[in-house]
Amino acid sequence: MREHIEELLLQSLLHLQRSGVLPEVPEHAVQLERTRSPEHGEFATNLALAHAKQAKKPPRELAQAIVDNLPPSRHVARTEIAGPGFINFFLNPGAFTGVVKEILRAREDYGRLNPDQAESVTVEFVSANPTGPLHVGHGRGAAFGATLSNILAMAGYTTQREYYVNDNGRQMDILAVCVWLRYLELCGEKVAFPENGYRGEYIYDIARVVRSENGDKYRFNGNDVWQGLPGPDSEDREGRIDALIARARELLGEAGYREFFDTALNDILGDIRNDLSDFGVEFDLWFSERELEESGAVQHAIEKLRENGHLYTKDGATWFRASALGDEKDRVVVRENGRTTYFASDIAYFLNKLERGFDRAIYVFGADHHGYVARLRAAAQGLGQDPDRLEIILMQFAVLYRFGEKVQMSTRSGQFITLRELREETGDDAARYFYIMRSHDQHLDFDLDLAKSRSNENPVYYIQYAHARICSVFRNLLQMDLTHNEAIGEAALDVLTEEHEINLIRELSRFPETVDATARKRAPHQMAHYLHAVATQLHAYYNAHQFLVEDENLRNARLNLIQATRIVLQSGLGLLGVSAPEEM
RNA sequence: GCGCCCGUAGCUCAGUAGGAUAGAGCACCGGAUUCCUAAUCCGGGGGUCGCAGGUUCGAAUCCUGCCGGGCGCGCCA
């Protein structure tokens, strides 16, 4: 319907252009909005206000000219010029009931968009280092990324979801060493554990796996481990742990070291994968940083920067002149010791995404990564790419509240709430919904008690209940030995003239444009709000009118309407990764 | 110190690419069930949109400054 009126307006504008009233009709000239109140009709446009200057006419006069040139439409009952020059559109009742017909015809494809040019995007999210279980902060990125991807796909984008696996960094080395130390402990050795190592219980679990498969094969005397290395009173804690990594490699040999490293990686990554999958978050690609480097992609990207003249050498390291491209300072890509930096891998990964044919790479990052924005954009430019093909969405932090108080967390000590614990406590539906119900640039207060409560305060249940109620009506229909005849309902749709019915249909008609808007604005939270609004209309309707009435025409027409509502709720909840229960 | 984000009702937040009288949930007050699930509905009170300027027909929305809060500023990953 919206598109229909936009088309009418465009035709009018083109006509005015031909007759010389308007200089030119820019692309996206037509902006049609929903009115806030019915007295302004259904849709309104500010076209005349926006173009009055160019047309050298008073806004209201231009508005009249636009209205005079509108092609006739069976959906538009009348137009009205209001206020300083708004054009308001009032619709025929048939314009509303047509929506019900459309939904029942399209079913789960209602709201699926087919843009002329489908953009292809890759959405990277979570990408947590595989050094431990996901915690509640990752959960927000997971829910957001998954929902955004779902919506983009619905809006017609070619969408890929990917997870960047940091399987190559120093953090992984630290992890491997920690596993080894716990392994030695299990063997009965007494070994000091570095204070900045990974202390979580899960490290013991991994150590147990290594031991059950290898016995005491990698056992060394506890005294030999730290022999000659800086002691715990050393100032340089990082240097101390690096020395320990070197010692582990030396004692274990490459194969032995690999055993710990890979067991830890596979174990934790497998755990993350299961966790996300149980949470309804699936990835098309798990992209390995190690493979990126081994494939030569990092060198390839560095060469590209060099060709474009953005590299220079200083203090034995290779620097990227990022400051010339909007970043606050230059960045090292190859260290003095010859190793490439993490940033170099990032650049290579971005280039790789584009080379895989995506128009755009979307990154979902935690807000603490906002320093990367300027640097990655600089890199994109340095590679000779349009920096707008790189899009970074920053997720603000999620703070858990229990009994009205902030739940304290610290990753260092292993004292944090895992995503799995959260899911078990609130259930997946509530967790998915609560995570995305706020805008990503807003801090999220995650109220555990509210998410758990099976009460009217909980917005998830409010929406699910609307769906369950509809299902319940259809169950009752069967018990009355009646069936829903959609054909009769469709023929009788014109009887749906109650205000509650019009309001509900209006809400349903907004689904496609909501898919479009939430996709374009990368704003999944608006889908959550939209579904809440649909549920509100359904509940109001339910309370005001009886659906299972004697009159066959009215009954089937109403069943068509709530069936259409069920379809929209189901699709919408599906986008959010929330289930649509048949009874509650 | 520099940079990014945020500041809207008592609380938590929306506010549709500048639009018409700023919305919702919770909390608070008052009502609704012989009838499809009351996890629901109906009504009510409650706002200097952080502050001050500016841009324009029109600003919560854009610009500048200030105040308050969060986060970040490694040849770490």
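Order of the sequence lines fixes the chain letters, A, B, ..., with proteins taken first and strands second; residue numbering starts at 1 for each chain.
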Can you say whether a donor on the side chain of A:H443 sits under 3.5 Å from an acceptor on the base of B:G69, or the other way round? no

Between A:N129 and A:N166: side-chain donor-acceptor atoms closer than 3.5 Å: yes

Would you tell me whether A:Y164 and A:D346 have side-chain atoms, one donor and one acceptor, within less than 3.5 Å of each other? no

Rounding to an integer number of angstrom, what distance separates B:G25 and B:A14 when you compare their C1' atoms? 10 Å

For the C1' atoms, the ones on B:G70 and on B:A52, what distance do you get once it is rounded to whole angstrom? 24 Å

Taking atom P in both B:U16 and B:C6, compute the distance separating them and give it to the nearest angstrom. 14 Å

With C1' as the reference atom in both, quote the distance from B:G15 to B:A9 in angstrom, rounded to an integer. 14 Å

With no hydrogens and no angle check, just 3.5 Å: does a side-chain donor-acceptor pair link A:S439 and A:D441? yes

In the strands shown, is B:G30 matched to any nucleotide by a Watson-Crick or G-U wobble pair with both distances under 3.5 Å, and which? B:C42

Say we look at B:C49 and B:U8: how far apart would their C1' atoms be, to the nearest angstrom? 4 Å

Centroid-centroid distance, A:H525 to A:F144, less than 6.0 Å: no

Judged by nearest nucleotide, the residue sitting upstream toward the 5' end of RNA chain B, A:A44 or A:K314, is A:A44

Tell whether A:N88 reaches the base of B:A20 with its side chain through a donor-acceptor pair below 3.5 angstrom. yes

